[in-house]
Peer 1: 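Just dropping this structure here.
None of the values given here were measured: they were computed from a predicted structure.
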Amino acid sequence: MLKQAVGLGAGLAVAHLLGGEASAAPRIRARTFTTEDGVALNYLEAGRGEPLLLLPGWSQSAALYREQILAFARHYHVFVLDWRGHGESEKVDHGYRMARFSRDLYEFIRGMRLKHVTALGHSMGCGVLYSYWDNYGGQSLDRLILVDVGPALTAWPDASAEEAAEAGAVFTPQSLYDTAAGLRGPHGIPTTQGLLASMFSPGYPADQLALVVEENLKLPREYAAKLLVEQAAQDWRDVIPRIDVPTLVVGGEVSIFNPISQQWVADQIPGAELIIFSAEEGGSHFMWLENPEKFNEDVLNFLC
């Protein structure tokens with residue numbers, strides 16, 4: 001089920017995050033898609049042509065991708081999905097697991113009758129794509145852009161330093177649950193602030209970081225905690241080598257995810273291209289916010 005919204009509403013409250021006027025062309029529209037289990041998902045849409053899906057990461061919102069939408073919609077029909085509970089989507093109390101998110105993506109692609117899709121996932125968005133590939137065999141996906149996430153975020157206690165680096169592990173089992181407990185506890189907001197600050201370069205403007213935090217907090221912290229554990233408990237190292245479409249892998253030199261892990265991902269996918277943003281280029285986990293001009297250019301160069 002599809003329903004056009006009046007406008008972007010609260011989503012455009014972050015329009016100034018990256019500069020520019022909210023009325024700049026191409027025009028961005030907010031719409032609603034309803035899943036088969038009755039959840040209303042918000043998505044942003046702009047442009048015409050072949051479909052390009054932008055899939056946000058954990059607790060992120062579609063509104064943060066304004067600069068990417070404006071750049072890519074000049075060449076493609078761009079869709080950015082708010083996962084259930086995220087951004088302007090419905091705050092339901094169920095389904096905060098990767099298999100359900102990949103099902104939501106499958107239903108969205110099928111419901112919108114999209115073919116020959118290019119999908120760009122950032123962080124958890126990559127995990128959803130891996131789950132989608134595992135469950136649906138990459139159906140309707142022609143190209144992938146995988147942006148900065150490790151294939152296995154939680155290290156086994158007996159993992160070597162080399163194995164942890166290749167996996168992009170950022171948690172131990174104990175630290176994962178400690179972080180999740182902090183998110184859902186009485187200090188959920190400062191825990192969120194600290195977690196997000198660790199994902200940006202030290203010089204990233206505080207006012208812009210505050211807006212990112214504001215968007216992240218639209219996912220209730222109880223669900224954010226559940227989803228963090230669900231995401232970080234996955235190990236996609238048996239799925240990634242089965243990807244067989246043209247793929248761009250993007251990482252950051254100073255990301256929380258060791259760039260060695262991005263090299264590992266690229267090495268597993270035949271013909272995959274790899275781009276690592278340097279520290280000077282804003283090579284954090286959020287390089288697409290820190291250096292949108294380079295990021296957008298790199299993506300378009302891959303797609304052309």
Peer 1: Is the terminal nitrogen or CZ of Lys91 (NZ for Lys, CZ for Arg) located under 6.0 angstrom from the six-membered ring centre of Tyr223 and within 45° of that ring's axis?
Peer 2: no
Peer 1: Would you tell me whether Asp148 and Ser255 have side-chain atoms, one donor and one acceptor, within less than 3.5 Å of each other?
Peer 2: yes
Peer 1: Have Glu290 and Ser284 got a donor and an acceptor in their side chains that come within less than 3.5 Å?
Peer 2: yes
Peer 1: Can you find a side-chain donor-acceptor pair between Asn296 and Gln68 that sits under 3.5 Å?
Peer 2: yes
Peer 1: Are the side chains of Leu41 and Thr34 in contact, using a 4.5 Å heavy-atom criterion?
Peer 2: no
Peer 1: Please determine if Lys218 and Glu88 form a salt bridge, counting it only when a charged side-chain N lies under 4.0 Å from a carboxylate O.
Peer 2: yes
Peer 1: For the pair Asp235 (side chain) and Ala152 (backbone), establish whether a donor and an acceptor sit closer than 3.5 Å, ignoring hydrogens and angles.
Peer 2: no
Peer 1: At their closest point, which heavy atom of Leu64 faces which heavy atom of Trp288, and how far apart are they?
Peer 2: O-CZ3, 3.4 Å
Peer 1: So, the side chain of Glu281 versus the backbone of Ser278: is there a donor-acceptor pair under 3.5 Å, distance only?
Peer 2: yes
Peer 1: Any side-chain donor-acceptor pair under 3.5 Å between Arg221 and Thr192?
Peer 2: yes
Peer 1: Would you say the side chain of Leu153 lies within less than 4.5 Å of the side chain of Gln231, judging by non-hydrogen atoms?
Peer 2: yes
Peer 1: Would you give the length of the straight line joining atom CG of Leu183 to atom OG1 of Thr191, rounded to the nearest 0.5 angstrom?
Peer 2: 6.0 Å
Peer 1: Is the closest basic N to carboxylate O distance between Arg100 and Glu107 below 4.0 Å?
Peer 2: yes
Peer 1: Check the side chains of His116 and Ser140 for a donor-acceptor pair under 3.5 angstrom, ignoring hydrogens and angles.
Peer 2: no
Peer 1: Rounded at 0.5 Å granularity, tell me how far CD1 in Ile145 sits from CG in Leu248.
Peer 2: 6.0 Å
Peer 1: Given side chain to side chain contact (heavy atoms under 4.5 Å, CB included), test Leu144 with Ile243 step by step and report yes or no.
Peer 2: CA-CA 9 Å; Leu144 298 179; Ile243 296 172; 3.8 Å; yes
Peer 1: Should the pair Arg84-Asp37 be classified as a salt bridge under the 4.0 Å nitrogen-to-oxygen rule?
Peer 2: yes
Peer 1: Under 4.5 Å between side-chain heavy atoms, hopping through other hydrophobics if needed: is there a path connecting Val249 to Ile260?
Peer 2: no
Peer 1: One thing to verify: whether Glu36 and Arg103 come together as a salt bridge, which I'm taking to mean a side-chain N less than 4.0 angstrom from a carboxylate O.
Peer 2: yes
Peer 1: Give a yes or no answer on whether the side chain of Ser89 reaches the backbone of Asp82 with a donor-acceptor pair at less than 3.5 Å.
Peer 2: yes
Peer 1: Using the rule given for side chain to side chain contact (heavy atoms under 4.5 Å, CB included), can you reason through Phe286 versus Tyr204, listing the C-alpha separation, both sets of side-chain angles and the distance that settles it, and then say yes or no?
Peer 2: CA-CA 10 Å; Phe286 282 88; Tyr204 192 68; over 6 Å; no
Peer 1: Does either side chain, that of Gln60 or that of Tyr65, offer a donor lying less than 3.5 Å from an acceptor on the other one?
Peer 2: yes
Peer 1: Taking a hydrophobic cluster as the set of Ile, Leu, Val, Met, Phe, Trp and Tyr residues connected by side-chain heavy atoms closer than 4.5 Å, whether directly or through intermediates, do Val149 and Trp156 fall within one such cluster?
Peer 2: no
Peer 1: When the ring planes of His285 and His122 are compared, do they come out parallel, tilted or perpendicular, using 30° and 60° as the limits?
Peer 2: tilted
Peer 1: Are Val254 and Leu196 in one and the same hydrophobic cluster, where Ile, Leu, Val, Met, Phe, Trp and Tyr link if side-chain heavy atoms are under 4.5 Å apart?
Peer 2: no
Peer 1: Decide ring-ring contact (aromatic ring centres under 6.0 Å, His included) for His77 and Phe79; before the verdict, give the C-alpha distance in whole Å, the side-chain angles of both, and the deciding distance to 0.1 Å.
Peer 2: CA-CA 7 Å; His77 193 169; Phe79 302 86; 4.4 Å; yes
Peer 1: Taking Phe257's backbone N and O only, do any of them form a donor-acceptor pair with Ser261's side chain (distance below 3.5 Å, no angle check)?
Peer 2: no
Peer 1: May I ask you to decide if the ring planes of Phe277 and Phe295 are parallel, tilted or perpendicular, using 30° and 60° as cut-offs?
Peer 2: tilted
Peer 1: Given side chain to side chain contact (heavy atoms under 4.5 Å, CB included), test Phe101 with Met124 step by step and report yes or no.
Peer 2: CA-CA 10 Å; Phe101 278 38; Met124 188 194 73; 3.7 Å; yes
Peer 1: For side chain to side chain donor-acceptor pair (under 3.5 Å), just list the numbers for His86 and Ser59, CA-CA rounded to whole Å, side-chain angles, deciding distance to a tenth of an Å, and then say yes or no.
Peer 2: CA-CA 6 Å; His86 292 62; Ser59 207; 5.2 Å; no
Peer 1: In this structure, which one of Arg27, Arg31, Arg29 forms a salt bridge (charged side-chain N to carboxylate O under 4.0 Å, His left out) with Glu45?
Peer 2: Arg31
Peer 1: Counting distance only, does the side-chain N/O of Thr154 pair as donor-acceptor with the main-chain N or O of Ala232 below 3.5 Å?
Peer 2: yes
Peer 1: Which atom names give the shortest non-hydrogen contact between Val245 and Asp142, and what distance separates them?
Peer 2: CB-O, 3.3 Å
Peer 1: Would you mind checking if Arg242 and Asp134 are paired as a salt bridge, meaning a charged N to carboxylate O distance below 4.0 Å?
Peer 2: yes
Peer 1: Please tell me if the side chains of Trp58 and Ser123 come closer than 4.5 Å, counting only heavy atoms from C-beta onward.
Peer 2: no
Peer 1: Is the distance between the ring centroids of Phe171 and Tyr177 less than 6.0 Å?
Peer 2: no
Peer 1: Can you confirm whether Leu303 sits close enough to Arg143 that some side-chain heavy atom of one is under 4.5 Å from a side-chain heavy atom of the other?
Peer 2: yes
Peer 1: State whether Arg97 and Glu230 are salt-bridged, where the test is any N-O pair (Lys NZ or Arg NE/NH1/NH2 against Asp/Glu carboxylate O) under 4.0 Å.
Peer 2: no
Peer 1: Between Leu274 and Leu300, is there shared hydrophobic-cluster membership here, with clusters defined by ILVMFWY side-chain heavy atoms closer than 4.5 Å?
Peer 2: yes
Peer 1: How far apart are the C-alpha atoms of Tyr132 and Tyr136, what are their side-chain angles, what is the distance that settles it, and do they pass the ring-ring contact (aromatic ring centres under 6.0 Å, His included) test?
Peer 2: CA-CA 6 Å; Tyr132 183 100; Tyr136 308 107; 5.3 Å; yes
